[in-house]
Protein chains: 2
Amino acid sequence: MAELNERKKQILAAVVEQFIKTGEPVGSKELIACTGLKVSSATVRNDMSELVALGYLEQPHTSAGRVPSQKGYRYYVDHLMKSREIDELNRRLIDAGISSAAGDPERLITRAGEVLADLTKCASISKAPGGDSMLIRKIELVPIGIHTAMLVLLTSNGILKSRLCRLDAPLTSKLCEEFYNIVQAAILGKPASEINVASMQTVAASVDGDSFAMLPLMAAVCELARSTAQSRILLGGSSNLLGHKEYGAQAAELLEFLNKSEPITEVMRGGARPIEIRIGRENLYRQLENSSVIVAKYSVSGDDTGTIGVIGPTRMDYERIIPSVRYLTDLVGRLITQALEE
Amino acid sequence: MAELNERKKQILAAVVEQFIKTGEPVGSKELIACTGLKVSSATVRNDMSELVALGYLEQPHTSAGRVPSQKGYRYYVDHLMKSREIDELNRRLIDAGISSAAGDPERLITRAGEVLADLTKCASISKAPGGDSMLIRKIELVPIGIHTAMLVLLTSNGILKSRLCRLDAPLTSKLCEEFYNIVQAAILGKPASEINVASMQTVAASVDGDSFAMLPLMAAVCELARSTAQSRILLGGSSNLLGHKEYGAQAAELLEFLNKSEPITEVMRGGARPIEIRIGRENLYRQLENSSVIVAKYSVSGDDTGTIGVIGPTRMDYERIIPSVRYLTDLVGRLITQALEE
DNA sequence: AATTAGCACTCGGTGTCGTTGAGTGCTAAT
DNA sequence: ATTAGCACTCAACGACACCGAGTGCTAATT
């Protein structure tokens with residue numbers, strides 16, 4: 001790839017930044033005004049013309065200004081963006097926003113998503129710690145009435161799920177005892193993803209006692225484990241996307257898309273890198289061709305586990321958003337780790 | 001109010017139904033085609049003209065067909081709508097949709113909202129059982145590590161909330177004991193809405209022992225009680241609204257509005273009636289002037305407590321949606337009551 | 001060789017104008 | 001009370017001209 005000279009870089013950066021700011025194609029005069037470059041508009045035009053030829057800029061039509069192409073955004077993000085550190089204000093907002101939820105991992109993730117969506121005016125996606133390294137740490141059975149009990153499940157990374165369970169047979173202390181035996185023997189310490197109805201049935205059958213009365217309890221445990229294992233992805237601030245005029249009528253389609261869980265799971269699956277930036281078509285989904293995705297992993301006690309990120313128009317404020325996402329994921333990872341340590 | 005003769009009623013009903021179906025203003029010929037009325041278009045025109053004068057119909061402009069006015073919708077809903085019973089198909093869809101969640105009140109509500117949104121292609125709003133009759137029934141403190149514990153709170157109407165809590169001081173059995181004493185004395189049986197930081201401080205101070213170590217626990221309990229008391233309103237299927245062309249650019253504003261919690265709380269506050277239908281401006285919010293709200297209460301063990309409903313364009317299919325909402329709330333009320341009974 | 005001034009050219013956006021056609025309102029006949 | 005007939009209205013649509021921001025090119029300048 002032919003390297004760009006200094007001035008071309010400067011022009012490319014300015015076009016990107018100006019376009020992000022105003023949303024309008026930027027012309028040669030405007031560009032001189034906002035950079036203070038000491039050359040004439042004709043020179044800028046020549047350079048821009050070359051940048052178009054190289055694929056970094058695009059022209060909506062002959063007599064319009066220039067707009068960054070996908071390649072242009074990519075080059076900007078990789079080489080031209082100045083600030084790689086979060087600025088004071090955003091850091092404060094993040095800190096203040098999630099401080100109230102510091103104790104509880106799940107609330108922390110939820111809050112993190114909300115804060116991020118607010119901050120970036122984009123949609124946020126966040127996933128609670130999960131994956132195969134998530135083990136079942138504790139299960140509690142609390143009798144409520146003769147036929148009702150509440151079940152609580154806690155995983156190794158601090159996710160807590162609870163639900164009521166209605167029994168057909170009375171909840172005797174003997175039943176409780178048997179329940180705990182089964183839990184102790186076959187569930188605790190196992191990955192949440194391995195608990196399912198089939199495996200439980202064999203276990204329940206092997207224990208003597210009233211396996212019929214045990215059934216609803218086991219079913220409920222499976223249900224809890226399942227819902228924990230496929231830890232739901234939280235979508236926040238999706239209505240923010242409607243505010244971006246470049247989506248127009250596509251907004252409906254995009255929101256539709258984001259509300260389906262399968263593709264979103266795929267979107268969040270990151271590569272090896274700690275932070276992943278996918279611009280426009282770099283996303284594999286047609287529905288995201290005008291969007292950019294920025295997702296970062298956070299780790300709890302050293303394991304890579306959860307993900308937090310944003311989805312917004314390709315014309316998003318990368319310079320501000322990327323450091324924010326990076327900072328937020330780091331912080332969330334630290335806080336959860338801290339909440340869980342002995 | 002001057003009563004309408006039979007034919008005028010028939011015409012009004014037909015205009016409403018046709019407009020709901022097509023979204024286009026309906027003209028006199030079209031109306032004859034779709035009703036099979038044995039009169040000429042001129043007669044229909046005369047009648048429609050009077051219906052406009054009486055305020056039941058509106059004319060977007062002189063040479064266009066007629067559109068129901070707010071008053072027209074109201075008259076239709078109150079007097080003309082045929083089916084007041086849910087039809088077989090919708091009933092089945094609802095039954096199938098929420099059966100999987102029957103055991104647990106909170107999941108039931110969530111699911112009910114999802115099902116309703118799917119069914120009606122509108123946004124759904126649903127509120128878990130709540131209000132002043134919601135008492136705190138049980139609080140459990142389960143030690144997890146030396147400095148961490150999980151807290152679980154259960155209310156009289158089956159809402160379960162849990163969170164982790166990190167302590168500054170080690171969690172001794174003495175501390176647990178003191179905690180349960182306080183809970184027993186000052187929390188159990190109280191309405192969730194009455195538990196707050198101020199009231200807890202006086203209680204904690206009056207108990208001897210290490211009130212400093214108790215602080216995080218009490219704070220967490222308050223937090224749980226608070227989040228339970230103002231039981232969050234769930235908004236489902238909001239992206240459905242984008243599919244309705246009549247909203248157009250207003251859709252963004254509407255979604256914005258729906259995502260604020262204060263006004264939504266107000267929207268859901270019903271009167272004395274079991275089901276409330278508010279059409280267009282009958283809603284007190286300007287943002288809902290082109291929308292209708294249908295909300296119904298469900299009762300748990302006889303108390304009026306929760307609410308489920310839909311928000312959609314005034315041009316919604318009342319004939320199908322109203323019975324569905326009514327059926328769903330009844331069902332949810334019965335299922336929760338059943339899940340809670342001894 | 002790079003830069004610049006000057007200028008003709010392009011083309012989306014906007015406003016005007018006439019045409020079209022669905023649907024009405026009115027009048028006179030039934 | 002109903003209906004046939006007819007003139008009228010007005011949004012929607014396409015054609016057309018105009019404007020102006022911004023370009024590309026050429027020739028002059030450094």
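Predicted model only: the values in this text are computed from it and were never measured. Letters A, B, ... are given to chains in the order of the sequence lines, protein chains preceding strands, and every chain is numbered from 1. Values below: every heavy atom of this structure, side chains too, minus hydrogens, waters and symmetry copies.
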Polar side chain donor-acceptor pair, A:Tyr76 to A:Glu17, under 3.5 angstrom: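 The criterion, which ignores hydrogens and geometry beyond distance, is satisfied for A:Glu17 and A:Tyr76.
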
Side-chain donor-acceptor contact under 3.5 Å, A:Ser239 with B:Asn259: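 Short answer, yes.
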
Can a side chain N or O of [X] be found less than 4.0 Å away from OP1 or OP2 on [N]?
X: A:Ser49; N: D:dT23; result: no
X: B:Gln59; N: D:dT9; result: no
X: B:Ser28; N: C:dT24; result: yes
X: B:Arg45; N: D:dA4; result: no
X: B:Arg66; N: C:dT24; result: yes
X: B:Thr43; N: D:dT3; result: yes
X: B:Ser63; N: D:dC10; result: no

Touch class at under 4.0 angstrom, heavy-atom based, for B:Ser41 against every strand present: nothing

Sugar-phosphate, base or nothing in reach of A:Thr62, heavy atoms under 4.0 Å: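 It contacts sugar-phosphate atoms only.
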
Short N-O contact, A:Glu266 and A:Arg269, less than 4.0 angstrom: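 Looking at A:Glu266 and A:Arg269, the cut-off is met.
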
Pair B:Lys297 + B:Glu276: basic N to acidic O under 4.0 Å: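 So B:Lys297 does not pair with B:Glu276 through a salt bridge.
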
Whether over 12 other heavy atoms sit under 6.0 Å from B:Glu85 CD: no

Exceeds 12 heavy-atom contacts within 6.0 angstrom, atom NZ of A:Lys8: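 Yes - once you tally the heavy atoms of other residues, nucleotides and ligands closer than 6.0 Å, there are more than 12.
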
Taking atom [atom2] of [N] as reference, at what distance in whole Å does atom [atom1] of [X] sit?
X: A:Asn46; N: C:dA5; atom1: CG; atom2: C1'; answer: 12 Å
X: B:Lys38; N: D:dT3; atom1: NZ; atom2: P; answer: 12 Å
X: B:His61; N: C:dA22; atom1: NE2; atom2: P; answer: 13 Å

Stems formed with participation of DNA chain C [Watson-Crick or G-U wobble, under 3.5 Å, three or more pairs]: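 The stems are C:1-30 with D:1-30.
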
Comparing B:Ser40 and A:Lys29 on DNA chain D - which has the more 5′ nearest nucleotide: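 This one resolves to B:Ser40.
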
B:Leu254 versus B:Gln287, closest heavy-atom pair with distance: CD1-O, 3.7 Å

